[in-house]
Structures are given as structure tokens and as C-alpha cells.
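For reference, the structure discussed in these notes is given below.
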Amino acid sequence: MQARKTSALLLSLAALAFAGAASAAPTSQEDWFGAEAAAQGPSLTRAEVVADLVLWNRAGLNHAGEGDRTAIADPDYRQRVAEYRRLRSGPEFLAEVRRQGGDTSAVAGQNASTGGN
């Protein structure tokens, strides 16, 4: 009878241990890799974001990486990126923000005095 009680006790303990392990929360990605980095710098207005996308598309980067055309396989990719950076840092960006109805007086990282408002 003592052996039965011991077996029952061990079986109960094993069941409790299994139930505890099964109900434990899975490890989150944050636990494994750390918190996701937050974007730094001033926030952009909707007009700035849309203007940025328009210039990205104008530079021909909207189809980069489609199919077999990866950045490594596409010889024009670097030229397109350079064109996007030129457009994004030049007066074209301010003009596009204005076209989107945005206020260029506080455009992040731009000299809004070029071209007037």
C-alpha cells in the first residue's frame, strides 16, 4: 500500500510539472533579440512621407528587388539610389511636399527657405 501511495504521489508530481511547463508562456522574440530599435529624429508629416514615396518611385526604386532583380544583380540599382538621395535632399523634395499640401516651413532636415512657400 505504501508503494501505491508513493507511485500516486510521483505520478501527481509529474502531472503537475508537465501542466506547469505546458502552460508557461512562450518566449517572446524580444526576450531572444532585445527590444526593437525605435526610429530616431523628428517625425514626418503625411505630406513628407507621400513626397518621399513619390521621389522613391521617380528614381525607379519602386520595382527594385522584384523577381530576380536584386540589388546585387541590378547594375542600375546604385544609380537609382543616388538619384533618390539627390531628389530627397534637393529642392525637388520641398516642391513635392508643397504639391502634397504640406507646410515646408518645418520640413525635417531641409532648408525650407529655398523656393519659398
Original post:
For Gln100, which residues count as a side-chain hydrogen bond (donor to acceptor under 3.5 Å, both in side chains) partner, sequence neighbours excluded?
Top reply: Glu96
Original post:
If you measure from the Lys or Arg side-chain nitrogens to the Asp or Glu carboxylate oxygens, is any gap between Arg58 and Glu83 under 4.0 Å?
Top reply: no
Original post:
From Arg99 CZ over to Thr104 OG1, what is the distance, rounded to the nearest 0.5 angstrom?
Top reply: 14.5 Å
**OP:** Apply side-chain hydrogen bond (donor to acceptor under 3.5 Å, both in side chains) to Gln79 and list each qualifying residue two or more places apart in sequence or on a separate chain.
**Re:** none
Original post:
What's the verdict on side chain to side chain contact (heavy atoms under 4.5 Å, CB included) for Trp56 and Arg88, showing C-alpha distance, side-chain angles and the deciding distance?
Top reply: CA-CA 8 Å; Trp56 179 267; Arg88 182 62 171 80; over 6 Å; no
Subject >> Shortest non-hydrogen contact from Val97 toward Ala47 >> reply: O-CB, 4.0 Å
Subject >> Closest non-hydrogen atom pair between Asn62 and Asn57, with its separation >> reply: CB-OD1, 2.8 Å
**OP:** Could I get the full list of side chain to side chain contact (heavy atoms under 4.5 Å, CB included) partners for Val81, not counting sequence neighbours?
**Re:** Leu61, Tyr77, Arg85
**OP:** Please report the C-alpha distance between Leu94 and Val107 in whole Å, then the side-chain angles of each, then the deciding distance to 0.1 Å, and finally whether the side chain to side chain contact (heavy atoms under 4.5 Å, CB included) criterion is met.
**Re:** CA-CA 8 Å; Leu94 293 174; Val107 171; 3.8 Å; yes
Original post:
Does the side chain of Tyr84 come within less than 4.5 Å of Asp52's, by heavy atoms?
Top reply: yes
